[in-house]
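Below is one structure; the comments refer to it alone.
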Amino acid sequence: MHSNKNILITGAAGFIGSHVLRLMVLKYPNSNFVNLDLLTYAGNLENIKDVESAANYTFIKGDICDAVLVKSIFEEHQIDGVIHLAAESHVDRSIEDPLAFIQTNVLGTVNLLNAAKQAWQNNYEGKLFYHVSTDEVYGSLGKTGLFTETTSYDPRSPYSSSKASSDHFVRAYGNTYGLPFVISNCSNNYGPNQFPEKLIPLFINNIVEEKALPVYGDGQYTRDWLYVIDHAIAIDAIFHNGSEGETYNIGGLNEWTNIDLIHLLCELMDEKLGREKGSSSRLISYVKDRPGHDKRYAIDASKLCDELKWQPTVDFKEGLSKTIDWYLDNSEWLEHLTSGAYKEYYQKQYG
Ligand code: NAD
Ligand code: DAU
């Protein structure tokens, strides 16, 4: 059992990080949480405004690649635990600009590892570096099989290559310098606060605005979807009770082809918006495929379930319904995002 007191969470203004931060700040009032986030296009303090005045929370706007800043945070806040989520996270963007992914995901992670190593080198007792990663490092599955913790790495996009590289560096620091670490590799998340460049929030937004739903290729690609709060609960369990030096796969046990998911989303949206049945699915438009598109991801999470007694708690239809309700009830959140930079990205990506 780890009981770290001063925890640095990186990227906690983003989608998953915001849920992890909220859970931790409220559940562990005797620990202090420092959120280091650059507030890139994907970072949004509105995601965490309900915890911003908590006594055990500090926000620092800054770059994980900034060695001087990161070193000073470790010293000033006596950091004894790290939960590292900050990353460039969108596959399509990585295809346009791989270097940005190497900069943040690889160099940023190594910079954090260096700072932890330097700050902790005389005493690794009670310290932990938790690196949050993705199932995409394992590559693409055929029709059958699941990714386990021992599946060979086979990253196929610039995003997944950068995440795989960062995973390797974390293990290398454990092996070479004895840095205590744990890694988790999770499947696709969905839920409130996800930036509307990812499939589910993008399509919710487009349905509301009666815009085309751009399905890549034939829509027969498969993803394993997990409600974001179940991911946050798993991260809490692994951070506090996971074994050092181990990797845990996290997944929803919930595979959907994109097109089946989109039809379910369309049905739910028709009901919620009081529109005629079938009106949202008429917006479906097959577009050019994502280059190098991974066919199927699916996770075997039995190690996490058996060792740490974790299970997904939110059924997919219920989670999707809650997610849609959140986006419909928080149109201001979306409006703040969908001005300016987002419009530019959208125009470039979808024409
Ligand atoms: P996100 O894009 O929503 O948020 C990323 C956050 O990191 C943002 O707040 C951003 O401002 C911050 N950030 C980016 N570059 C930074 C830098 N240089 N310095 C400091 N902060 C920076 O991402 P997400 O979807 O919440 O993913 C979080 C982590 O979980 C990532 O490491 C991602 O690889 C991993 N992951 C995501 C999923 C998913 O489905 N979204 C699944 C598995 C793993
Ligand atoms: O598997 C975990 C990964 O899941 C995370 O590591 C990534 O950070 C996260 O972005 C996600 O990656 P995907 O590429 O699977 O997610 P995305 O939402 O971009 O796409 C999901 C599927 O939907 C994928 O097969 C591509 C397809 N798609 C996506 C978009 C944005 C479309 O058909 N049309 C679209 O416009």
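Because the structure is a prediction, the values reported are computed rather than measured. No hydrogens, no waters, no symmetry mates; every other heavy atom, side chains included, goes into these values. Counting convention: from 1, in listed order, for ligands and their atoms alike.
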Taking the six-membered ring of [Y], is the NZ or CZ of [X] close enough (under 6.0 Å from the centre) and on axis enough (within 45°)?
| X | Y | result |
| --- | --- | --- |
| Arg296 | Phe147 | no |
| Arg290 | Tyr216 | no |
| Lys198 | Phe15 | no |

Distance filter under 4.0 Å to [X] heavy atoms, resulting ligand 2 atoms:
| X | result |
| --- | --- |
| Asp135 | 1 (O), 2 (C) |
| Leu202 | 36 (O) |
| Val91 | 14 (O) |
| His90 | 19 (O) |
| Tyr159 | 5 (C), 6 (O), 7 (C), 8 (O) |
| Val215 | 33 (O) |
| Thr134 | 1 (O), 2 (C), 3 (C), 5 (C), 6 (O) |
| Glu197 | 31 (C) |

Using distance alone, with no hydrogens and no angle criterion, decide if Tyr159 and Asp92 have a side-chain donor and acceptor under 3.5 Å apart. no
Is there a donor-acceptor contact under 3.5 Å linking the side chains of Asn189 and His231? yes
Checking a contact table here: which protein heavy atom is nearest [atom], and how many Å away?
| atom | answer |
| --- | --- |
| atom 32 (O) of ligand 1 | Lys163 NZ, 2.6 Å |
| atom 19 (N) of ligand 1 | Ile64 N, 3.0 Å |
| atom 8 (O) of ligand 2 | Ser89 O, 2.7 Å |
| atom 4 (O) of ligand 1 | Gly14 CA, 3.5 Å |
| atom 31 (C) of ligand 1 | Leu85 O, 3.2 Å |
| atom 23 (O) of ligand 2 | Asn258 ND2, 3.4 Å |
| atom 10 (C) of ligand 1 | Thr40 OG1, 3.3 Å |
| atom 3 (O) of ligand 1 | Phe15 N, 3.1 Å |
| atom 14 (O) of ligand 2 | Arg290 NH1, 2.6 Å |
| atom 33 (C) of ligand 1 | Tyr159 OH, 3.5 Å |
| atom 18 (N) of ligand 1 | Asp63 OD1, 2.8 Å |

Ionic contact status for [Y] with [X], cut-off 4.0 Å:
| X | Y | answer |
| --- | --- | --- |
| Lys71 | Glu75 | yes |
| Lys163 | Glu88 | no |
| Glu271 | Lys277 | no |
| Asp37 | Lys61 | no |

At the 4.0 Å heavy-atom cut-off, does Gln349 count as touching ligand 2? no
Would His293 count as a contact of ligand 2 if the rule is a heavy atom under 4.0 Å away? yes
is_close_aromatic([X], [Y]), centroid dist under 6.0 Å:
| X | Y | answer |
| --- | --- | --- |
| Tyr190 | Tyr227 | yes |
| His168 | Tyr153 | yes |
| Tyr221 | His293 | yes |

For ligand 2, does [X] get within less than 4.0 Å through its side chain, its backbone, both, or neither, judged by non-hydrogen atoms?
| X | result |
| --- | --- |
| Lys198 | both |
| Ser160 | neither |
| Leu199 | both |

Should the proximity of [X] to ligand 1, defined as any heavy atom under 4.0 Å, be assigned to the side chain, the backbone, both, or neither?
| X | answer |
| --- | --- |
| Ala12 | neither |
| Leu39 | backbone |
| Asp37 | both |

Give the atoms of ligand 1, by number and element, whose distance to some non-hydrogen atom of [X] is under 4.0 Å.
| X | result |
| --- | --- |
| Gly62 | 19 (N), 20 (C) |
| Asn188 | 40 (O) |
| Val132 | 30 (O), 32 (O) |

N/O donor-acceptor pair under 3.5 Å between Thr257 side chain and Asp260 backbone: yes
Would you confirm whether Asp270, through its side chain, and Arg275, through its main-chain N or O, come within 3.5 Å as a donor-acceptor pair? no
Does any N or O of ligand 2 fall below 3.5 Å from an N or O anywhere on [X], backbone included?
| X | result |
| --- | --- |
| Pro214 | yes |
| Tyr350 | yes |
| Tyr221 | no |
| Glu136 | yes |

Ignoring hydrogens, just give me the one of [options] whose non-hydrogen atom is nearest [atom].
| atom | options | value |
| --- | --- | --- |
| atom 44 (C) of ligand 1 | Ala100, Ala42, Ser133, Cys186 | Ser133 |
| atom 16 (O) of ligand 2 | Asn188, Leu261, Asp289, Ile299 | Asn188 |
| atom 37 (C) of ligand 1 | Asp66, Ile16, Val70 | Ile16 |
| atom 2 (O) of ligand 1 | Cys65, Ser89, Gly11, Ala86 | Ser89 |

Should we say atom CD of Glu125 is surrounded by more than 12 heavy atoms from elsewhere, each under 6.0 Å from it? no
Using distance alone, determine whether Asn189 and ligand 1 share an N or O pair under 3.5 Å. yes
Is there a side-chain contact between [X] and [Y] (heavy atoms, below 4.5 Å)?
| X | Y | result |
| --- | --- | --- |
| Leu38 | Ile64 | no |
| Ile235 | Tyr130 | yes |
| Gln103 | Leu99 | no |
| Ile250 | Ile299 | no |
| Phe74 | Val82 | yes |

Check whether any heavy atom of Ala13 sits under 4.0 Å from an atom of ligand 1. yes
What one should report as the nearest heavy-atom pair of Leu265 and Ile200 is CD2-O, 4.3 Å
Apply ring-ring contact (aromatic ring centres under 6.0 Å, His included) to Phe195 and His90, showing your working. CA-CA 10 Å; Phe195 194 82; His90 191 40; 8.6 Å; no
